[in-house]
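Everything numeric here is computed off the predicted structure, so don't read it as measured data.
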Amino acid sequence: MSSLPSIGSTEFEYEIIIVGAGPAGMTAALYAGRSMLRTVVLERGAPGGELLNTEMIEDYPGFEHVLGWELAQKFESHAKKFGAEFRTAGVTAIRRVGDMFECICDNGEVYRAPAVIVTAGGTPIKLGVPGEVEYAGKGVSYCAICDGAFFRGQVIAVVGGGDAACEEADFLTRYASKVYLVHRRDEFRASKIIQKRVMENPKIELILDTVVEQVHGDDQGLVHHLALRNVKTGVLSDLPATGLFVFIGFRPNTGIIEEHVEHDAMGYLLTNDHMQTSIPGLFAAGDVRVQLTRQVTTAVGDATTAAIAAEKYLTARRDAMATA
């Protein structure tokens, strides 16, 4: 393992810091490494991001079937081949000090660089009920596009009442024989046009004023039914279903940026077509930024652009300093 470029016992300096080691972070590391830049990827856990929570991936070009953890390992080894370093350190703050950025980590280490690519992803909001974590990737999902095809001809449930839940319930009828849309209230927050589409879909049945209390499965670790509770009557019931898709919100991990950076109402970072945020030298890729869809393929594309743009930013910065 190469030694860290230290400027102190717990302080380290690089040319590019990448915050987060999901598909976007590892792709950015690959391209930064190919550009011969001193690059470090900071990740609090194992590299992979949401890939590690996905059992099987069938929509990444060139891989008809690939396990999530296996694809994550391939991404990591490819980035390391070009010199990118990976450090187990959770970033708690990103701040700008002069013309440099500091990434403060939960282990007390401080990493400095003139350019940072934020690929910290986001976190689907979970129901927090028994069985949800145990059956994640084995019947419980937070991504219809990723996992819908695994439920061909099956009966599944979708939880939520906003645009995402209604849109994904409608999308999932392409695969499932029946979709139950479970919502804790008696009316939806989704736009009227999307609600109309749901109401008119013969494969969708609404279960209102109801919450999921528990996810039940078999000895093989596969979901077979959900325990429900009506919030008005308190009546308990079982819903036979082999899949549960949860769409009650998604929280981008952007709170670590201390300086004000332009974002939308949900906290997703606004970027230009070079993945540059409103702060010079701070780039974003993947699930942290505003975009139409959040897939492995879009994360990879974002990160490619971000890394190349960051390299050009650093070149322009060096040229300006040389002529100053």
Has the side chain of [X] got a donor or acceptor atom that lies under 3.5 Å from a matching backbone atom of [Y]?
{"X": "Thr323", "Y": "Asp319", "answer": "yes"}
{"X": "Thr271", "Y": "Thr277", "answer": "no"}
{"X": "Asn253", "Y": "Ala120", "answer": "yes"}
{"X": "Tyr135", "Y": "His216", "answer": "no"}
{"X": "Gln291", "Y": "Gly286", "answer": "yes"}
{"X": "Asp106", "Y": "Gly90", "answer": "yes"}

- request: Decide whether Asn201 and Asp170 meet the rule of one side-chain donor and one side-chain acceptor closer than 3.5 Å.
  value: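 A pair is found: one side chain offers a donor N or O, the other an acceptor, under 3.5 Å apart.
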Could you state whether [X] and [Y] fall into the same hydrophobic cluster, counting links through intermediate Ile, Leu, Val, Met, Phe, Trp or Tyr residues with side-chain heavy atoms under 4.5 angstrom apart?
{"X": "Ile16", "Y": "Phe75", "value": "yes"}
{"X": "Ile17", "Y": "Val118", "value": "yes"}
{"X": "Val40", "Y": "Val110", "value": "no"}
{"X": "Ile94", "Y": "Phe12", "value": "yes"}
{"X": "Ile156", "Y": "Val223", "value": "no"}

Tell me whether [X] is salt-bridged to [Y], with the criterion being a basic N under 4.0 Å from an acidic carboxylate O.
{"X": "Glu259", "Y": "Arg95", "result": "no"}
{"X": "Glu76", "Y": "Lys74", "result": "no"}
{"X": "Glu15", "Y": "Arg112", "result": "no"}
{"X": "Asp163", "Y": "Arg189", "result": "no"}
{"X": "Arg289", "Y": "Asp302", "result": "yes"}

message: Applying the ring pair (Phe, Tyr, Trp, His ring centres under 6.0 Å) criterion to Phe151, which one of Phe171, Tyr175, Phe245 satisfies it?
response: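 Only one of Phe171, Tyr175, Phe245 forms a ring pair (Phe, Tyr, Trp, His ring centres under 6.0 Å) with Phe151, namely Phe245.
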task: Take Tyr313 and Gln276 through the test side chain to side chain donor-acceptor pair (under 3.5 Å) and record every step on the way to the result.
output: CA-CA 10 Å; Tyr313 169 83; Gln276 169 80 60; over 6 Å; no
[atom1]/[X]: more than 12 non-hydrogen atoms of other groups inside 6.0 Å:
{"X": "Lys138", "atom1": "NZ", "answer": "no"}
{"X": "Met36", "atom1": "CE", "answer": "no"}
{"X": "Met266", "atom1": "CE", "answer": "no"}
{"X": "Arg34", "atom1": "CZ", "answer": "no"}
{"X": "Arg184", "atom1": "CZ", "answer": "no"}
{"X": "Lys203", "atom1": "NZ", "answer": "yes"}
{"X": "Arg185", "atom1": "CZ", "answer": "no"}
{"X": "Tyr31", "atom1": "OH", "answer": "no"}

message: Nearest 0.5 Å, please: how far is CD in Glu13 from OH in Tyr111?
response: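 So the gap between those two atoms works out to 13.0 Å.
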- request: Give the C-alpha distance, both sets of side-chain angles, the deciding distance and a yes or no for salt bridge (Lys or Arg N to Asp or Glu O under 4.0 Å) between Glu213 and Arg229.
  value: CA-CA 6 Å; Glu213 292 275 278; Arg229 176 175 59 85; 3.2 Å; yes
- prompt: For the side-chain hydrogen bond (donor to acceptor under 3.5 Å, both in side chains) test, which of Gln154, His225, His224 pairs with Thr242?
  reply: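 For Thr242, the side-chain hydrogen bond (donor to acceptor under 3.5 Å, both in side chains) check succeeds only for Gln154.
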- prompt: Going by heavy atoms in the side chains, are Leu228 and Asp238 under 4.5 Å from each other?
  reply: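 The answer is no; the side chains never approach within 4.5 Å.
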query: Quick one: does NZ or CZ of Lys80 land under 6.0 Å from the six-membered ring centre of Phe82, within 45 degrees of the ring axis?
result: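 Judged by the rule, Lys80 and Phe82 form no cation-pi pair.
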- prompt: After noting the C-alpha distance and the side-chain angles of Gln73 and Ser77, does the key distance pass the side chain to side chain donor-acceptor pair (under 3.5 Å) rule?
  reply: CA-CA 6 Å; Gln73 287 187 348; Ser77 62; over 6 Å; no
